[in-house]
S.K.: 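Quick one: this structure, given as C-alpha cells, is what I'll be asking you about.
Because the structure is predicted, anything quoted here is derived from the model rather than measured. Both counts, for ligands and for their atoms, begin at 1 and track the order of listing. Just so you know, these numbers use all the heavy atoms, side chains as well, and skip hydrogens, waters and symmetry mates.
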Amino acid sequence: MNNLNDLRSLVRGPVLLAGDDGFEQARRPWNLAVAQPVRAVVEAADADDVADLVRYARDSGLTVSAQPSGHGATGDVDGVILLRTGRLNELRVDPVARSARVGAGVTWGQVQAVAGPYGLTGLPGSSPVVSVTGYTLGGGLSWFGRTYGWAADSVTAFDIVDAEGTHARVTADSDAELFWALRGGGGDFALVTAVEFDLHPAPALYGGRMLWPAAQAPAVLEAFRQITAQAPDELTLWADLLNFPGSPALVAVDATYLGDAAEGRALLGSLDRIDDLITDSRDVLPVADLGSITAEPTTPGPGLSRGELLTQLDDVAVKSLLSAPIDPLLSVQIRHLGGALARPSDSPHGALIEPYSLYLFGVPATREAAAGIRARQQEITNALAPSVSGRKPFTYLAPGETSATAFGPVAIDRLRKIKQHRDPDGVFRSNYPVLA
Ligand SMILES: Cc1cc2nc3c(=O)[nH]c(=O)nc-3n(C[C@H](O)[C@H](O)[C@H](O)COP(=O)(O)OP(=O)(O)OC[C@H]3O[C@@H](n4cnc5c(N)ncnc54)[C@H](O)[C@@H]3O)c2cc1C
C-alpha cells in the first residue's frame, strides 16, 4: 500500500501522517464527538498545492476530503486524505462593486469585519468561525436569508480544482451545471479554492437576545408566533429553549432587524410586554458582532445535533414542545424562515417553503449521554410529526443522515449525474456524498 510519504515532497504545505507528532491534533474536527480515521492531513499552501494533491490522489486511487474546520464533520473519511484550507486566506472586499472574494479557509467573522465598515454584509449564520466555503457549498442559512435568500444564491464565481487536478473558474456562464451543483450540493464535485459573492447593504443593524425563565416559555412562544406571522423580511427571529448546566431552564428570543433600531424595537413590542426579563442585549449592532447574539462556542467541542424543517408552528406543536423539559438536550432552537428563502432559487435545494426550522442540540459527555440525547431528539421529532416536513437543509444534516434528505428527487438525480460525470473515480468525498 502507498505509504503516502512522497506527499511530503510533492506539496509545500505541511503533511501529517499517522505516527507523526501533531497528527492526532491535525485530524481532529471542530465537532469533537466525531472521530476521523483519515490516512493523512495536508494543509495546502495555495491553490497549486491543491491541484498537486488532487493529481496525486487520482493517480494513487485515493480520496480527498476538504475540511476547513469540521463543524460539519461526519466521520465518513475512512482512509481519505484530509485537506485543510486555512492557508487559503485571501480576503478582498470591493465596496464599490459590493462584492467579496475569499480563499477557501476564510471564516464569516473575517468577512464581516472587513465588509461591515462599508455598510455591507455577507450572509453568515449564527457562528463567526464557520468557513464561508463549507457553509456556502451547503446553501447557507443566514441571519439575513429572509431578506437576501440562500448564501449560495449570492455566489458569482468559484475557483476550483477539478478531479483531473486542473484549475478552473466556474460561473453561471462558463459551466452552468457545475455552478448549479456547487451552490448547495456540497463538496462532492470539485475542490473549491476561492469563492466570489455579492455583498448586501446593511447600513443599520439592530439585534440581540432577550432571556426569560422557562416559566415564560408559553408567553414567549406566543409572541414569537404573532411577530413572525407578519414580520417584514428585514426582521428575523429565532426562539430558543435553553438548558445550560448549572442554570435553571431558560427561554430566549434572538432577533436581528436590518434597519433602524427604533423600528426594530417597535416590531418586537409584544416581547417587551412579557414579565421577568433576565437580560436583554438588543442594541445597534455592527455586522461583525452578529456571533455575539447567540454566543455559540468558538472553540472545538463535542455536539450532537438534529435538524428538521417545520411546515407550521401551530398550538399543537407548541404544546408538544413545552410539555416536558428539553433535558438532556442543551438547546432547542426554532428559526423563522420564509421571505426570500421561500422564493424561487436555481440551486439544488430550491425554494425553502417551510416557514420554520427546528434544531435540537446536546453535548454528549459519555456514550450513555449520547444515547439519551438521540432518544430525546427522536421523541421531540415524533411529538412534532404532523409539522415535520421530512426535508432538511444540507447544513443541518447530522452524521447518519444522507444528502438525499436535503433535496427533491429531481435535484438529487441531477446532482448524482453531475458527480458521475465530473468525478467518475470518486477522488472527492463530501461529508454527505450524493451517491450514498
Ligand atoms: C456552531 C455551529 C453553527 C452553525 N450555524 C449555521 C447556520 O446558522 N446556518 C447554516 O446554514 N449552517 C450552520 N452551521 C452548519 C455549518 O454551516 C456546516 O457545518 C458547514 O459544513 C460549515 O462548516 P465548516 O466551515 O466547519 O465546514 P467543514 O465541516 O470543515 O466542511 C464541511 C464540508 O464542506 C465541504 N467543503 C468545505 N470546504 C471545501 C472546499 N474548499 N472544497 C470542496 N468542499 C469543501 C466538504 O464536503 C466538507 O465535508 C453551523 C454549525 C455549527 C457547528
S.K.: Starting from atom 32 (C) of ligand 1, find the nearest protein heavy-atom neighbour and note its residue, name and distance.
M.R.: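 Answer for atom 32 (C) of ligand 1: N431 ND2, 3.5 Å.
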S.K.: If you measure only the distance, is there a donor-acceptor pair under 3.5 Å linking the side chains of H349 and R391?
M.R.: yes
S.K.: Run the salt-bridge test on R146 and E234 with the 4.0 Å N-O cut-off and return the result as yes or no.
M.R.: no
S.K.: What protein heavy atom lies closest to atom 26 (O) of ligand 1? Include the residue and the distance to one decimal.
M.R.: S69 OG, 2.5 Å
S.K.: P68 near ligand 1, heavy-atom distance under 4.0 Å?
M.R.: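 Judged by the 4.0 Å heavy-atom criterion, P68 does count as contacting ligand 1.
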S.K.: Distance to 0.1 Å, residue and atom name: give those for the protein heavy atom nearest to atom 42 (N) of ligand 1.
M.R.: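 Ranked first by proximity to atom 42 (N) of ligand 1 is V192 N, 2.9 Å.
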S.K.: Mark yes when over 12 heavy atoms from residues, nucleotides or ligands other than L10 sit less than 6.0 Å from its CG; otherwise mark no.
M.R.: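 More than 12 within 6.0 Å, yes.
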S.K.: What protein heavy atom lies closest to atom 1 (C) of ligand 1? Include the residue and the distance to one decimal.
M.R.: E296 OE1, 3.2 Å
S.K.: Answer yes or no for S126: is there a heavy-atom contact with ligand 1 below 4.0 Å?
M.R.: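 Yes, S126 has a heavy atom closer than 4.0 Å to ligand 1.
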S.K.: Side chains of E354 and T311: donor-acceptor distance under 3.5 Å anywhere?
M.R.: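 Distance-only check fails for E354 and T311.
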S.K.: Which of the numbered atoms in ligand 1 are below 4.0 angstrom from a heavy atom of S127?
M.R.: 3 (C)
S.K.: May I ask you to decide whether D153 forms a salt bridge with R343, counting only side-chain N to carboxylate O separations under 4.0 Å?
M.R.: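 Judged by the 4.0 Å cut-off on N to carboxylate O distance, D153 and R343 do not form a salt bridge.
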S.K.: With no hydrogens and no angle check, just 3.5 Å: does a side-chain donor-acceptor pair link D254 and T294?
M.R.: no
S.K.: At under 4.0 Å between heavy atoms, is it the side chain or the backbone of T395 that contacts ligand 1, or both, or neither?
M.R.: both
S.K.: Which residue supplies the protein heavy atom nearest to atom 48 (C) of ligand 1, what is that atom called, and how far is it?
M.R.: A66 O, 3.2 Å
S.K.: Tell me whether the NZ or CZ atom of R414 lies within the 45° cone about the ring axis of W180 and under 6.0 Å from its centre.
M.R.: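 Here R414 passes the 6.0 Å and 45° test against W180.
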S.K.: Does the distance from a Lys or Arg side-chain N to an Asp or Glu carboxylate O, for D240 and R209, drop under 4.0 Å?
M.R.: yes
S.K.: Ring centres of W150 and F144 under 6.0 Å apart?
M.R.: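 No, the ring centres sit 6.0 Å or more apart.
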S.K.: Just which atoms of ligand 1 are under 4.0 Å from any heavy atom in V130?
M.R.: 17 (O), 22 (C), 23 (O), 25 (O)
S.K.: State whether R12 and D46 are salt-bridged, where the test is any N-O pair (Lys NZ or Arg NE/NH1/NH2 against Asp/Glu carboxylate O) under 4.0 Å.
M.R.: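 Salt bridge: yes.
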S.K.: Is G140 close enough to touch ligand 1? Criterion: a residue heavy atom under 4.0 Å from a ligand atom.
M.R.: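 Yes; G140 lies near enough to ligand 1 that a heavy-atom distance drops under 4.0 Å.
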S.K.: Could you tell me whether some N/O pair between A104 and ligand 1 is separated by less than 3.5 angstrom?
M.R.: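 No: no nitrogen or oxygen of A104 is under 3.5 Å from one in ligand 1.
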S.K.: Would Y135 count as a polar contact of ligand 1, with the cut-off being nitrogen or oxygen pairs under 3.5 Å?
M.R.: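 There is no such contact.
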S.K.: Between the side chains of R422 and D175, is the shortest nitrogen-to-carboxylate-oxygen separation below 4.0 Å, so that they form an ion pair?
M.R.: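 The answer is yes: the pair qualifies as a salt bridge.
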S.K.: Mark the output for A190 as yes if a heavy-atom distance to ligand 1 is under 4.0 Å, and as no if none is.
M.R.: yes
S.K.: May I ask you to check whether W238 has an N/O atom sitting below 3.5 Å from an N/O atom of ligand 1?
M.R.: no
S.K.: Angle between ring planes, H336 versus Y356, binned at 30° and 60°: parallel, tilted or perpendicular?
M.R.: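 Tilted.
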S.K.: Can L250 and W212 be said to form a side chain to side chain contact (heavy atoms under 4.5 Å, CB included), step by step?
M.R.: CA-CA 6 Å; L250 301 165; W212 299 262; over 6 Å; no
S.K.: Could you tell me whether some N/O pair between R335 and ligand 1 is separated by less than 3.5 angstrom?
M.R.: yes
S.K.: How far is atom 28 (P) of ligand 1 from its nearest protein heavy atom, and which residue and atom is that?
M.R.: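 Heavy-atom neighbour on the protein nearest atom 28 (P) of ligand 1: G70 N, 3.5 Å.
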S.K.: Considering both backbone and side-chain atoms of L137, is one of its nitrogen or oxygen atoms within less than 3.5 Å of a nitrogen or oxygen in ligand 1?
M.R.: no
S.K.: Any idea which atoms of ligand 1 are less than 4.0 Å away from a heavy-atom of G125?
M.R.: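 Reading through ligand 1 atom by atom, the close ones are 7 (C), 8 (O).
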S.K.: For H71 and ligand 1, does the shortest N/O to N/O distance drop below 3.5 Å?
M.R.: yes
S.K.: Below 3.5 Å, N or O to N or O, backbone or side chain included: is there any such pair between Y396 and ligand 1?
M.R.: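 For ligand 1, there is no N or O atom that lies under 3.5 Å from one belonging to Y396.
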S.K.: Among all protein non-hydrogen atoms, which one is nearest to atom 25 (O) of ligand 1, and what is the separation to 0.1 Å?
M.R.: S131 OG, 2.6 Å
S.K.: Quick one: look at R84 and ligand 1, take heavy-atom pairs under 4.0 Å, and tell me if it's side chain, backbone, both or neither.
M.R.: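 The answer is neither.
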S.K.: Among all protein heavy atoms, pick the one closest to atom 29 (O) of ligand 1 and tell me residue, atom and distance.
M.R.: G72 N, 2.7 Å
S.K.: Would you say Y148 and S142 are linked by a side-chain donor-acceptor pair, where the criterion is simply a distance under 3.5 Å?
M.R.: no
